[in-house]
Chemist: 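Before I ask anything, let me first share the structure, which is written out below as structure tokens.
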There are 2 protein chains.
Amino acid sequence: MSTVNSQDDEDTFKILVATDIHLGYLEKDPVRGNDTFVTFNEILDHAQKNEVDFVLLGGDLFHENKPSRKTVHSCLESLRKYCMGDRPVQFEILSDQAVNFHYSKFPWVNYQDENLNISIPVFSIHGNHDDPTGADALCALDILSCAGLVNHFGRSTSVEKIAISPILLRKGRTKIALYGLGSIPDERLYRMFVNKQVTMLRPKEDEDSWFNLFVIHQNRSKHGATNYIPEQFLDDFIDLVVWGHEHECKITPFQNEQQRFYISQPGSSVVTSLSPGEAVKKHIGLLHVKGKKMKMEKIALETVRTFHIEDVVLADHPDLFNPDNPNVTQAIQAFCMEKVELMLDNAERERLGNPHQPEKPIIRLRVDYAGGFEPFSIYRFSQKYMHRVANPKDIIHFFRHRGQKEKKDIDLNFGKLVSRPTEAMTLRVEDLVKQYFQTAEKKVQLSLLTERGMGEAVQEFVDKEEKDAIEELVKFQLEKTQRFLKERRTEAEEEKIDEEVIFFLQLICALCKE
Amino acid sequence: MSTVNSQDDEDTFKILVATDIHLGYLEKDPVRGNDTFVTFNEILDHAQKNEVDFVLLGGDLFHENKPSRKTVHSCLESLRKYCMGDRPVQFEILSDQAVNFHYSKFPWVNYQDENLNISIPVFSIHGNHDDPTGADALCALDILSCAGLVNHFGRSTSVEKIAISPILLRKGRTKIALYGLGSIPDERLYRMFVNKQVTMLRPKEDEDSWFNLFVIHQNRSKHGATNYIPEQFLDDFIDLVVWGHEHECKITPFQNEQQRFYISQPGSSVVTSLSPGEAVKKHIGLLHVKGKKMKMEKIALETVRTFHIEDVVLADHPDLFNPDNPNVTQAIQAFCMEKVELMLDNAERERLGNPHQPEKPIIRLRVDYAGGFEPFSIYRFSQKYMHRVANPKDIIHFFRHRGQKEKKDIDLNFGKLVSRPTEAMTLRVEDLVKQYFQTAEKKVQLSLLTERGMGEAVQEFVDKEEKDAIEELVKFQLEKTQRFLKERRTEAEEEKIDEEVIFFLQLICALCKE
């Protein structure tokens, strides 16, 4: 596949490509709460300045399935600000829009609505974060599409069979067949592909004259045998796949040699996990398509909060750390602090001078403490960086990679608790409950119970006639209740639920003692 | 105040007036779930057919502070469908819009936005149901205003002092000063009025040439000494007050003789409580204003579900019911059934033939059973009307008006429970828990506890050294937890929480037994 010149002309589509913007991610965080909104504005600003024909989004525009009022409001504000205006849209749609947007209340492209003055149409599929749910099968994008600000496409209603009908676009002599497939659970889609139940419809006339662009939001890397979509599942008539969902920026189109098509993986525009993939510089793409030729121009995002991640393996430094030295923990701490200082220096150097780029970087130092070392107090370490990094609470991540991890079961003697004075109890119980839940996660017998009815579970415990059967059951129920209660809650609500559940537990302990 | 002719002319404002539409009320109810959306469409359809200049809403457009995705989606759909279009808006705004809409991201009236083609501007204040909340102080209307479909006005940010700046409108020779005040807790606003902290600004020029229209959303009827807004608090230069919040339709302007202004109370467009006020026929208004003259034309809403309410006082029928007759309960039930049949007949006759009006009526029969009578099983009664009325579960409401109600304390011996077999227990406990909460509501000692810290409460119980102290505390905590958990939940979620809490209680009972 050859490239086109970047010069604008009447036959060249200019498309701004981005994905996984995750609006509203950490929105309640006092430091990072605005990051996603700032970068969304930067993305739309690039679209406007580059006078693109349209914006193409690969899903997960929203982080939450039911985004907060603030997030929806902020998103509408940005779209209305950047995507409305007098600059005329220069391409036309040749396909049947009633088919392309059949589930919309306004089943036509927004820029052709006589009541809306759209200068940059946005086309988006939904992701796994913002997929349709509930009896009405609506998703957050439908709010935007109902407001006339986004063209939501690539939605399939069947769970067994998918026929993807492209949106056919023409600008001058260039014709694009735009295929989209909103997020579907990977295993289901995998199965549908294997059973040949996924069809991509092609225009009847001049089949080969179209540039075939496919946008998808699925696992690209293998998570279990069928929990991803192998690239070779996709049809080989496709010219370019824009692959959403994967957060690492690999936007430069890379050819799948078997299928011959190219894949561009824009990656997310916000760091949502502290893993190496997210530390790769974030970009969006300016895709030029002329005839069957394309060129992907990378645009570095300037407002993304810088993120630096490094690993330290303590056992690799026998000269520095001896586990038998009583002061070794202090030495480790000092060493980590030096590391973090270096990372902060690098982060500062890397800042781009964009006034909208947030100041404090995200820093993650992963410390492999296998080999007889002990972790130091993360709390105190965090305190030191409270005003210098965006994620003070999780700068340090201890893990043990070398050798087998020693299993440390936490003793959960609830009887102990009630012998403590009331005031001190809350804190202690809180710690123990947390430990309990961490341990409980791993207990097979508990997780198995969730598969069966409660009545059966009670019976089993009673049959056992174990001394602690009921106490065990209370704990199990507590855990289940707590999990249920935490479904889709805000952090503040979760904290309040924690408080309530913990106090409840105290009372039960007191009763057990009686 | 004299009236104007209803004929349209270039000097006459035609304003559609409505309030308390409560979009999303009972949206999960399989029968009544769509009622609010249907009637909202009817209201906007009237606005369109009558070619009004604008729509004026008096608050509580939404029932929930954070309306569901479906509700927001449906609302946007209706507004985009009915309020956008080519019919030109015929009035102009003379006031400083940056002041009128200062808290909006787009601080100008929507029909003057170059990117939106608005034919019917909607002006709305917020109500107590959809008032601004949270750190960002946004309300549901702000989503609509950000989408360019509603002009949210009358918002005050101070809690001590309010200066209401009118939107000044002119159509031909008619000038309207439109004042709005979104819902504020009544007692706070009462205090501000008393302290002379509420000012209504008036246009400097030709002060007397304006028709002064004020829209407010507060208690109009007295709920406690300062928990409402007395009409005489309002300035006497006002010509017409549109009073929201009160659900009874009293839309025909009624003069306050002291202040000389008129008050129109449109009332809600949906029945949200089964009280006589809601049974008054629902209307919206078509307000004509020409110069200083006005006329309010009533428009009967045709899609509102019919609602019939009647009272029966058993003791008023000594000829029919003798409390000593062993079959008296059956006689009462038969009597009530006859009543309901008559009400159903009336409801059927009253239906208007509008294809969008829902079929099943809402029926409420209030039965005063004072005088030694016993209520019959509401459950069985409901079953009979499952397919004929919209509210089968609460057709009958038993109450005792005559004489003093006998206090019946429900025995709450949790110990009893654990002697029952496991399967049967859940149901029994469910009943008991419900009874417990009903009784607990009235217990002063429990409600007082909520005022103090939990630590203190524990201490008090421990000091008492009562045998059942801890059990009592568990119950109290259970109640508190349950209440908290029910804040802003859907019915389905509440049921699930109930299940969880009840099972939890079972376990505690089992522990108590040990």
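In the text below, chain A, chain B and the rest are named by the order of the sequence lines, each starting its count at 1. Since this is a predicted model, take the numbers as computed values, not measurements.
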Chemist: Over all heavy atoms of both residues, which pair between B/Arg80 and A/Phe106 is shortest? Give the atoms and the distance, please.
Modeler: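 Residues B/Arg80 and A/Phe106, closest heavy atoms: NH1-CD1, 3.4 Å.
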
Chemist: Using ring pair (Phe, Tyr, Trp, His ring centres under 6.0 Å) as the criterion, list what pairs up with B/Phe54, not counting sequence neighbours.
Modeler: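 Only B/Phe91, B/Phe123 meet the ring pair (Phe, Tyr, Trp, His ring centres under 6.0 Å) criterion with B/Phe54.
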
Chemist: With a 4.5 angstrom heavy-atom cut-off, could you sort out which part of A/Lys70 is near chain B: side chain, backbone, both or neither?
Modeler: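 Both backbone and side chain.
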
Chemist: Taking A/Arg69 for the side chain and B/Asp136 for the main chain, is one N or O donor matched with an acceptor at less than 3.5 Å?
Modeler: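 Flag not set: sc A/Arg69 to bb B/Asp136 has no pair under 3.5 Å.
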
Chemist: Starting at CG of A/Leu149, measure out to CG of B/Leu76 and round the result to the nearest 0.5 Å.
Modeler: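 A/Leu149 CG to B/Leu76 CG: 9.5 Å, rounded to 0.5 Å.
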
Chemist: Residue by residue, scan residues 112-120 of chain B and write down, ordered by number, those that have a heavy-atom distance under 4.5 Å to chain A; if none do, write 'none'.
Modeler: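 Residues of residues 112-120 of chain B touching chain A at under 4.5 Å: B/Asp113, B/Glu114, B/Asn115, B/Leu116, B/Asn117.
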
Chemist: Is it the side chain or the backbone of A/Ser68 that comes within 4.5 Å of chain B heavy atoms, both, or neither?
Modeler: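 Neither part.
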
Chemist: Please classify the contact between A/Ala135 and chain B as side chain, backbone, both or neither, with a heavy-atom cut-off of under 4.5 Å.
Modeler: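 Contact with chain B involves no heavy atom of A/Ala135 at all.
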
Chemist: Going by heavy atoms in the side chains, are B/Lys81 and A/Lys105 under 4.5 Å from each other?
Modeler: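 In short, these two side chains do not touch, never coming nearer than 4.5 Å.
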
